[in-house]
Each structure stands twice: as C-alpha cells, then as structure tokens.
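Notes follow the structure.
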Amino acid sequence: LFFGDSFTDYNWFFRDFYTSRFTGLNAETVGISSSRAEQWIWFIQDLVLPYKPKTIVSHIGTNDIFDGGRSNATVINSVTTLFDLIHEDLPNTEVWWWTIEDRCGQSGKASNITAVNNGISAWASDKPWFHIVDTRSIFVSNDSAYGDKTKYDSTLWNDSIHPSNPKGYDLFMEATYKAGCPRPTVNSKYDGSYATLSDYSVTSGNEATNNWRTIDTGYVKNFLYTAEVSTGAQDGGWIRHISINLNNVSTSRFMIGDK
C-alpha cells in the first residue's frame with residue numbers, strides 16, 4: 001500500500017500506477033496531494049489500517065516543511081508518531097519511507113530537510129520494521145549541492161518538486177526495491193484486462209413491483225465494481241435507485257435513490 005502526499009497521488013503525479021506499473025498486482029495507493037504527516041495521523045484510520053497491508057511505501061513530511069512551515073522537531077514528531085501509530089495496529093507490517101527531497105528554487109529549506117531526514121533516521125535506528133529509502137539523492141547530480149538545483153537532470157522531474165513519470169518514478173522504485181522492499185505479487189482476481197461493455201454480465205429479477213438489474217463490470221484497478229439499477233416503484237422499503245458496490249463488501253455500498 002502506497003500512501004502520503006502528492007508523490008503517491010495517481011491522479012496527478014504517480015499517473016502510471018494503475019495503468020501500467022502495477023496493473024494486475026496487489027498494489028494500491030491512497031495518496032492525497034498537499035497532505036501532511038500531521039493530517040495522516042487521522043487519515044490512517046480510514047485509509048491505511050483497514051487494508052492491513054503487509055508492506056507500506058510512503059512519502060510524507062515535505063508539505064509539513066514547505067507549506068506548513070512547521071519546525072524541524074514538529075515535523076519529526078508528526079512523521080514518527082504517524083508510523084508509531086501504524087505499527088501499533090499493524091505490528092507485522094513493514095514500512096519503506098521515501099526521504100524528503102529539495103525543491104528547485106527553494107534552497108532555503110535545505111538545512112531543514114537534512115535535519116528532518118536525519119532525525120527520522122535516528123528514530124528508525126532501532127526499528128527493524130521501518131526502512132529509509134534515500135530518494136533525496138536521486139534528484140541531485142554530482143556537481144550540484146543539496147538545495148541548489150541549477151544543474152539538476154530535468155528528465156527526472158515532472159516539475160520543480162515531483163519525479164517525472166515514468167523515469168523519475170522508475171528510479172524511486174528501483175531504490176525502494178534495493179532497500180529490501182518486496183515486489184507486489186500478482187492479484188489472482190485480476191483477469192488481465194479492464195472491463196468493457198462487452199464484459200458486462202447482467203442478471204435481472206422482480207421483487208413485488210421492483211425490477212432490478214445487477215451489472216458485474218469486472219475488475220477495474222483491482223476492485224470488483226457491481227452496479228444495481230432499480231426502475232420499480234417504491235415497495236416494501238425499496239425505492240428507485242442506483243447503487244454501486246465495491247468488492248462485494250456491504251459497508252462499501254453507495255446508493256443514489258429517489259426519495
């Protein structure tokens with residue numbers, strides 16, 4: 001499971017996450033752009049812990065420094081508290097944390113980044129379940145000092161902050177695997193293709209005056225989406241509705257109905 005800030009957000013930057021990089025594999029991302037470690041302390045209750053992942057890859061902390069203006073000690077405390085809480089609930093889960101990188105044109109934060117990265121490394125020294133991946137060094141060429149990116153390799157960047165896709169993310173993942181992170185396994189439920197209209201299977205039936213259709217759309221991004229459409233009049237508590245169910249879990253059912 002990937003989580004954290006925009007580095008793990010497939011909508012904006014990690015765009016090949018589902019389309020090619022991890023297609024058909026047991027990998028998900030719940031990254032949220034602009035998020036901070038202090039927020040994920042609360043977010044994990046709904047977005048991380050329910051997955052019960054064996055492996056976590058995370059990029060978090062950069063926005064606490066650059067956007068939140070938090071002190072070094074506060075950022076270190078937020079990040080370490082976050083992962084302590086995860087470990088408390090998921091003691092068998094291993095974590096790979098991508099370090100905080102510099103941002104082009106914002107060299108004034110270089111010392112903060114060094115202090116935070118070093119502080120988290122010190123905290124992790126006696127925690128065999130927590131692994132640090134030095135992604136900071138990927139963005140800095142041999143002839144450029146940390147925080148001064150006048151000579152950075154532009155092919156590795158999407159912008160002045162995020163890795164390019166796929167080249168920058170290729171290097172991030174290569175460093176992650178070299179740090180001991182296992183590669184995602186094949187998702188046995190994935191059939192090798194995305195659902196299309198021809199893949200739909202439809203069943204129908206009648207309950208009093210309620211006519212319904214259930215459409216199994218197949219596995220999309222490793223989720224089984226099932227849609228149910230009711231066109232009948234209200235009867236016995238049923239109303240005209242459209243419901244979408246994820247992975248056949250009753251608590252993951254969303255309904256739009258005619259009141």
Side-chain angles (χ1 to χ4, degrees), residues 1-11 13-14 17-18 21-64 70 74-100 116-135 169 172-190 219 221-224 246-253:
L1 178 69
F2 290 71
F3 85 84
D5 49 46
S6 52
F7 280 62
T8 57
D9 188 337
Y10 76 89
N11 287 300
F13 300 102
F14 210 163
F17 191 97
Y18 291 112
R21 189 176 297 273
F22 298 116
T23 302
L25 302 179
N26 287 310
E28 299 290 341
T29 183
V30 292
I32 301 174
S33 290
S34 301
S35 61
R36 304 172 188 170
E38 59 191 24
Q39 296 169 320
W40 276 98
I41 289 173
W42 304 102
F43 293 167
I44 58 171
Q45 301 301 323
D46 294 321
L47 297 180
V48 175
L49 302 183
Y51 277 90
K52 294 181 171 58
K54 294 181 180 179
T55 302
I56 286 175
V57 177
S58 180
H59 187 278
I60 196 68
T62 183
N63 295 321
D64 299 69
R70 302 296 189 258
T74 298
V75 179
I76 293 170
N77 181 67
S78 294
V79 173
T80 56
T81 297
L82 167 63
F83 290 111
D84 274 334
L85 290 171
I86 292 175
H87 184 65
E88 181 178 333
D89 274 73
L90 304 172
N92 298 319
T93 298
E94 293 195 57
V95 176
W96 276 261
W97 178 69
W98 291 344
T99 56
I100 299 171
V116 170
N117 284 343
N118 288 345
I120 294 172
S121 295
W123 164 84
S125 62
D126 62 349
K127 296 171 177 61
W129 52 271
F130 191 89
H131 313 274
I132 293 179
V133 184
D134 179 17
T135 50
Y169 278 102
F172 267 52
M173 290 311 305
E174 179 182 341
T176 305
Y177 295 139
K178 284 184 176 179
C181 181
R183 295 176 184 271
T185 57
V186 174
N187 188 331
S188 60
K189 296 180 180 179
Y190 182 72
Y219 287 90
K221 293 181 181 178
N222 299 336
F223 280 102
L224 174 62
L246 308 181
N247 273 357
N248 288 332
V249 177
S250 60
T251 54
S252 299
R253 186 179 184 187

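Numbering of residues begins at 1 and proceeds along the displayed sequence.
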Counterpart residues, side chain to side chain donor-acceptor pair (under 3.5 Å), relative to E94 (two or more places apart): H131
Sub-3.5 Å donor-acceptor pair from the side chain of T93 to the main-chain atoms of P53, do we have one? yes
S6 meets the side-chain contact (heavy atoms from CB on, under 4.5 Å) criterion, sequence neighbours left out, with F13, S33, H162
Compare every heavy atom of I100 with every heavy atom of V116, then report the nearest pair and how far apart it is. CG1-CD1, 3.7 Å
May I ask you to test the F17-T8 pair for a side-chain heavy-atom distance under 4.5 Å? no
Please list all pairs meeting salt bridge (charged side-chain N to carboxylate O under 4.0 Å, His left out) that have one or both residues in residues 42-57, counting only residues at least two apart or in different chains. none
Name all residues meeting the ring pair (Phe, Tyr, Trp, His ring centres under 6.0 Å) criterion together with Y169; count only those two or more places apart in sequence or in a different chain, and write none if there are none. F14
Please report the C-alpha distance between F22 and M173 in whole Å, then the side-chain angles of each, then the deciding distance to 0.1 Å, and finally whether the side-chain contact (heavy atoms from CB on, under 4.5 Å) criterion is met. CA-CA 11 Å; F22 298 116; M173 290 311 305; 4.0 Å; yes
Qualifying residues under ring pair (Phe, Tyr, Trp, His ring centres under 6.0 Å), relative to W40, sequence neighbours excluded: F3, F43
Residues passing the side-chain contact (heavy atoms from CB on, under 4.5 Å) test with W123, sequence neighbours excluded, are T80, F83, D84, I120, K127, W129, F130
Under the rule for side chain to side chain donor-acceptor pair (under 3.5 Å), what residues qualify as partners of T185, not counting sequence neighbours? N26
Any side-chain heavy atom of D64 within less than 4.5 Å of one from V79? no
Is there a side-chain contact between D5 and I32, using heavy atoms and a 4.5 Å cut-off? no
Run the salt bridge (charged side-chain N to carboxylate O under 4.0 Å, His left out) test against R70 and tell me which residues pass, sequence neighbours left out. E38
With sequence neighbours left out, write down each residue that passes side chain to side chain donor-acceptor pair (under 3.5 Å) with T74, or none if nothing qualifies. S71
Across all chains, not counting sequence neighbours, the side chain to side chain donor-acceptor pair (under 3.5 Å) partners of N63 are R103
For T81, which residues count as a side-chain contact (heavy atoms from CB on, under 4.5 Å) partner, sequence neighbours excluded? I41, N77, L85
Result block: side-chain N/O donor-acceptor pairs under 3.5 angstrom for residues 176-184, not counting sequence neighbours:
| from | atom 1 | to | atom 2 | distance (Å) |
| --- | --- | --- | --- | --- |
| T176 | OG1 | W98 | NE1 | 2.8 |
| T176 | OG1 | F172 | O | 2.7 |
| K178 | NZ | E174 | OE2 | 3.1 |

